[in-house]
Amino acid sequence: MSWKVNVEKKRAQLNAKIPSEWRIDGGKLELLKAEKKNLDLNLDKLCTEAENEITHSTILKLRDELIVKNLTCYEIAIAFCHRAALAHQVINCLSEIMFEEALKKAQKLDEQRPDFLPPLYGIPISLKDQCNVEGVDSTCGYLGRAFKPKKREEESLIVRHLREQGAILYVKTTVPSSMMATDTVSNTFGITLNGLNQNFSPGGSSGGEGALIAARGSLLGLGTDIGGSIRIPSSYHGLYGLKPTDSRLPYLRVDNSFQGRELIPSVIGPLARNLDDLRYFMDVMVNICKPWIDDVKCVPYHFDSKSKELHKNYVVGIWYGDGVITLPPGDVRALRMCEDLINSTLGMKAIRWEVPVEVNKELHEIAMDTDIADAGIEIRREFEASGEPIIDILKPVILEKGAEACSVNQWWALNKRTYEAKIAYREYYNSLEPTERPDVIISPLTLTPFRPGDMLATTLRYILFVNVLNFPSLAVPITKFNRNVDGQMDTSKAQTEEDRIVSNYWNELISSDSIQDFPLSLQIMSPTYDDNEVCTFGSWLMQNLQIS
């Protein structure tokens, strides 16, 4: 089949950009793939001590080293290029490689070093595949978009901002075809594995990004989120991931599925190993780049990257369940850790966040109805363009042939339902006494990891509603799964068939050894659209959880 020829051609194009001295020999590669849980440590053994010091650092520390000339841009760039190349050979996380261009850029930065270094000077930043970069493809996982490198004028505005602030662009990362799935697989690039534990999926759609950062092939990268695509990979790799409120960061000239869809829009945001790095990045992109000058969808505002102090009489909502999907023991334990910490802190209190079940159901149904509004016409057309077969994980958003897309009037009705659901959520918030209204809400997120191919055994009920409401949400790693503490669930008490599927899958995972020590993350949301607040509280929470 001709499509398979083009797959081999695209993969060969990608792999040819890995220098021969960075290639892992067959025997060693098999060992790295066989040892599922220790990729980070094993890659350390393939890198020099100097490289490991760099890739185990933070953006802020590397910037300090650059300022005092203890490190060069070239040393930093080659460390991350090498690490990314090694990680890719094991977990298949890269869609485009720009090592040659990155190293030339680093040399130029060293040779033409200014007296004052721009805030991202010499810092490698990785990019989700849909970010347009001159000279390389943005396939979005579709074979039909391969071999169509972007022109300079097509570069994403946020890529231009990164260049202006001195960042080094060196890789783009894998996504599922169309980016409308939470597993990262495509005919074009194949399956991407989790960067911490190869038994599991990296999540999606920013799965390659999460996997690369977890393997220390990047400190911070860009993802997008229309239904958890930043928060899910962050959760599955123990990273920090910010889904901003819409209009905070520029989406101008970022390729996407369903371009033009204004209802539940996709947003772009960072995934990072370090929360201070993430906040610093947001400061640069917002306060210095001022994206609203060029992107009419961005609004002027100020991002606070430094504050870690909370105001007096701070209230945190704790959400123990939506009334549809029962929380696994791991999430309950993590939520209680947060609740106990908050209630033991002077000037703070936790309240139970208990939105009416019918509102939760409606928000989820709106998200699902929005995703299938075109009946899968666009996705089917993209696959037909190359002749490649539609992958199984996209079946939930592709209706049977002949199904009709939403009419204009149906679309208007869906918009009206969305507005009414947002009002209902706000009415619950306003129904609380002013002293009980939470500054932030801590919510479950992914509940369980999943093995590649098992995506439909998981749920998005604690994820999609955030996008419908347009709340900013920060994924934060709270603890780790512990088989000896987090026991089996009683499936006879399942509230729905979906609940039974999720709890059965939890029991299957907890009875195996593969889930032990897997990251367990929650999300911090602002019911008043305050991106600063979720990050400030996130910093406070992480600092105090470590102490407690």
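- The shortest heavy-atom contact between Phe200 and Ser514 is CE1-O, 3.4 Å.
- Between Lys395 and Asp392, at least one side-chain N (NZ, or NE/NH1/NH2) sits under 4.0 Å from a carboxylate O, which counts as a salt bridge.
- Between Trp506 and Phe481, the distance from one ring center to the other falls under 6.0 angstrom.
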* Would Thr326 and Asp499 count as a side chain to side chain donor-acceptor pair (under 3.5 Å) if you check the C-alpha gap in whole Å, the side-chain angles of each, and the deciding distance to 0.1 Å? -> CA-CA 6 Å; Thr326 307; Asp499 195 14; 2.9 Å; yes
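- Taken from CD1 in Ile158 to CG in Leu127, the straight-line distance is 8.5 Å, to the nearest 0.5 Å.
- Between Trp319 and Ile442 the shortest side-chain heavy-atom distance does not fall below 4.5 Å.
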* Test Ser186 against Ser177 for side chain to side chain donor-acceptor pair (under 3.5 Å), laying out the working first. => CA-CA 5 Å; Ser186 67; Ser177 304; 4.5 Å; no
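- Annotation: Glu497, atom CD; neighbour count of heavy atoms from other residues, nucleotides and ligands within 6.0 Å is above 12.
- Side-chain contact between Asn532 and Phe303 is present, with heavy atoms from C-beta onward closer than 4.5 Å.
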* Asked: Run the side-chain contact (heavy atoms from CB on, under 4.5 Å) check on His82 and Cys47 step by step: do they pass?
  -> CA-CA 8 Å; His82 185 201; Cys47 299; 4.3 Å; yes
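- Side-chain N or O atoms of Asp322 include one that pairs as donor or acceptor with a backbone N or O of Ile325 at under 3.5 Å.
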* Quick one: do Arg63 and Asp277 satisfy salt bridge (Lys or Arg N to Asp or Glu O under 4.0 Å)? Show the steps, please. => CA-CA 11 Å; Arg63 176 166 172 79; Asp277 282 352; over 6 Å; no
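- Remark: the backbone N or O of Thr48 is paired with a side-chain donor or acceptor of Glu51 at under 3.5 angstrom.
- Asp454 places no side-chain N or O within 3.5 Å of a backbone atom of Ala457 that could act as its donor or acceptor partner.
- Between the side chains of Glu533 and Ser526, not a single donor N or O lies within less than 3.5 Å of an accepting N or O.
- When atom types are taken as modelled, the side chain of Arg437 and the backbone of Leu432 share a donor-acceptor pair closer than 3.5 angstrom.
- Between the side chains of Ser305 and Asp283, at least one donor N or O sits under 3.5 Å from an acceptor N or O.
- In terms of heavy atoms, Pro329 sits closest to Gly487 at CG-O, 3.4 Å.
- Within the model, atoms CE of Met179 and CG of Asn256 stand 4.5 Å from one another, a figure rounded to the nearest 0.5 Å.
- Surrounding NZ of Lys480 are at most 12 heavy atoms belonging to other residues, nucleotides or ligands under 6.0 Å away.
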* Apply side-chain contact (heavy atoms from CB on, under 4.5 Å) to the pair Leu120 and Met285, showing each step before the final yes or no. => CA-CA 10 Å; Leu120 295 175; Met285 287 295 104; 4.1 Å; yes
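- Contact check for Leu456 versus Pro396: side-chain heavy atoms found under the 4.5 Å cut-off.
- Between Thr192 and Thr184, the side chains place no donor N or O within less than 3.5 Å of an acceptor N or O (distance only, hydrogens not considered).
- Counting only heavy atoms from C-beta outward, the side chains of Trp540 and Thr345 approach each other to under 4.5 Å.
- Looking at Arg83 and Asp40, a side-chain N of the basic residue comes within less than 4.0 Å of a carboxylate O on the acidic one, giving a salt bridge.
- For the residue pair Cys131 and Ile268, the shortest heavy atom distance occurs at SG-CD1, 4.0 Å.
- Proximity of a side-chain donor or acceptor of Thr173 to a complementary backbone N or O of Gly208 within less than 3.5 Å is not detected.
- Atom CG in Leu220 sits 10.5 Å away from atom CE in Met282 (nearest 0.5 Å).
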* Evaluate the criterion side-chain contact (heavy atoms from CB on, under 4.5 Å) for residue pair Ile230 and Leu242; output intermediate values, then yes/no. => CA-CA 7 Å; Ile230 289 172; Leu242 177 65; 5.8 Å; no
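- Between Val175 and Glu209, every side-chain heavy-atom pair lies at or beyond the 4.5 Å cut-off.
- With Asp439 contributing its side chain and Val315 its backbone, the two residues share a donor-acceptor pair below 3.5 Å.
- Taking the side chain as every heavy atom from C-beta outward, Leu43 and Asn52 never approach each other to under 4.5 Å.
- Not less than 6.0 angstrom separates the ring centroid of Trp353 from the ring centroid of Tyr320.
- Proximity of a side-chain donor or acceptor of Arg451 to a complementary backbone N or O of Asn199 within less than 3.5 Å is not detected.
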* After noting the C-alpha distance and the side-chain angles of Lys422 and Glu427, does the key distance pass the salt bridge (Lys or Arg N to Asp or Glu O under 4.0 Å) rule? -> CA-CA 9 Å; Lys422 290 180 178 180; Glu427 286 176 345; over 6 Å; no
* Asked: Would Ser521 and Tyr236 satisfy side-chain contact (heavy atoms from CB on, under 4.5 Å), going step by step from the backbone distance to the final call?
  -> CA-CA 8 Å; Ser521 297; Tyr236 289 158; over 6 Å; no
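- Here the side chains of Gln488 and Ser511 are in contact, with some heavy-atom distance below 4.5 Å.
- Salt-bridge check for Lys243 with Asp531: failed, with every basic side-chain N at 4.0 Å or more from each acidic carboxylate O.
- With hydrogens and angles ignored, the 3.5 Å screen pairs no side-chain donor or acceptor of Gln523 with any backbone N or O of Leu474.
- For the atom pair NZ of Lys45 and CG of Leu86, the computed distance is 14.0 Å after rounding to the nearest 0.5 Å.
- Neither side chain, Arg483 nor Gln516, offers a donor N or O lying under 3.5 Å from an acceptor on the other.
- Contact record, Arg426 with Thr528: NH2-CA, 4.4 Å, taken as the closest heavy-atom pair.
- For the pair Ser57 (side chain) and Ile54 (backbone), a donor-acceptor distance under 3.5 Å is absent.
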* Asked: Passes side chain to side chain donor-acceptor pair (under 3.5 Å), Arg231 versus Asn467? Steps please.
  -> CA-CA 11 Å; Arg231 292 163 289 145; Asn467 299 87; 2.7 Å; yes
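- Scanning all heavy atoms of the two residues, the minimum distance from Ala421 to Leu363 falls at CB-CD2, 3.7 Å.
- Atom CD1 of Ile191 has 12 or fewer neighbouring heavy atoms from other residues, nucleotides or ligands inside a 6.0 Å radius.
- Inspection of the Asn274 and Thr58 side chains reveals no N or O donor paired with an N or O acceptor under 3.5 Å.
- Centroid-to-centroid, the aromatic rings of Phe471 and Tyr425 come within less than 6.0 Å.
- Note that the NZ atom of Lys172 and the CG atom of Leu212 stand 14.0 Å from one another [nearest 0.5 Å].
- Side-chain polar atoms of Thr224 and Lys128 form a donor-acceptor pair below 3.5 angstrom.
- His237 contributes no side-chain N or O that, together with a main-chain N or O of Ala214, makes up a donor-acceptor pair within less than 3.5 Å.
- Shortest non-hydrogen contact noted between Thr55 and Arg216 is CB-O, 3.6 Å.
- Side-chain atoms of Arg279 and Ser539 form a donor-acceptor pair, as typed in the model, at a separation below 3.5 Å.
- Under 4.0 Å is where a charged nitrogen must lie from a carboxylate oxygen, and between Glu339 and Lys349 no such pair does.
- For Met368, the CE atom sits in a loose shell: 12 or fewer heavy atoms of surrounding residues, nucleotides or ligands are nearer than 6.0 Å.
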